[in-house]
Amino acid sequence: MHDAPIYAQLISERGDIPTLVRSEARRLQRDFEWILSWDPSTGAPLPASAARLASGARRPFSTGPDPDDRLDSPGH
C-alpha cells in the first residue's frame, strides 16, 4: 500500500495516521494494564502483575509512533 502514489501523498500531507493511532492505542493499553495491576487497598502491585512490572513491561511515555506499528515493517 505504501507504493501507491496517492497514499504516499496523503502521508506526506497528513502524516501516517493509521500508525499514529495504533501507537497511541498500544500506549493507552499499556497504561491501563499498569493502572489495573495495582491493588488500591495496599498501594502495591497485585501478585500476578508484580513479576511483569519488575521485568519492565511498562515503557515510558513517548510522543512519537511506536516503531512496531509501522505499516511497512515486517509482519504487516
Side-chain angles (χ1 to χ4, degrees):
M1 183 158 59
H2 279 277
D3 55 353
I6 188 71
Y7 190 75
Q9 182 179 349
L10 282 171
I11 288 175
S12 69
E13 292 175 2
R14 307 281 181 169
D16 195 346
I17 302 302
T19 297
L20 295 172
V21 169
R22 272 192 304 278
S23 181
E24 184 65 9
R26 285 188 177 144
R27 185 191 64 80
L28 288 170
Q29 182 179 15
R30 285 190 304 268
D31 287 351
F32 288 137
E33 287 173 353
W34 184 79
I35 290 166
L36 293 173
S37 71
W38 289 87
D39 182 352
S41 63
T42 64
L46 295 169
S49 63
R52 187 177 71 237
L53 290 172
S55 70
R58 184 166 188 256
R59 295 189 318 192
F61 175 74
S62 169
T63 57
D66 188 331
D68 295 335
D69 291 335
R70 290 186 47 90
L71 293 175
D72 58 351
S73 65
H76 285 198

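Count residues from 1 along the sequence. Given the structure is predicted, the values throughout are model-derived calculations rather than measurements.
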Audit row: Glu33, Arg30, salt bridge (charged side-chain N to carboxylate O under 4.0 Å, His left out) steps and yes/no
CA-CA 5 Å; Glu33 287 173 353; Arg30 285 190 304 268; over 6 Å; no

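With sequence neighbours excluded, no residue satisfies side chain to side chain donor-acceptor pair (under 3.5 Å) with Thr42. The side chain to side chain contact (heavy atoms under 4.5 Å, CB included) search around Ile17 returns Leu20, Val21, not counting sequence neighbours.
Taking hydrophobic clusters as Ile, Leu, Val, Met, Phe, Trp and Tyr residues chained together by side-chain heavy-atom distances below 4.5 Å, Trp38 does not share a cluster with Leu36.
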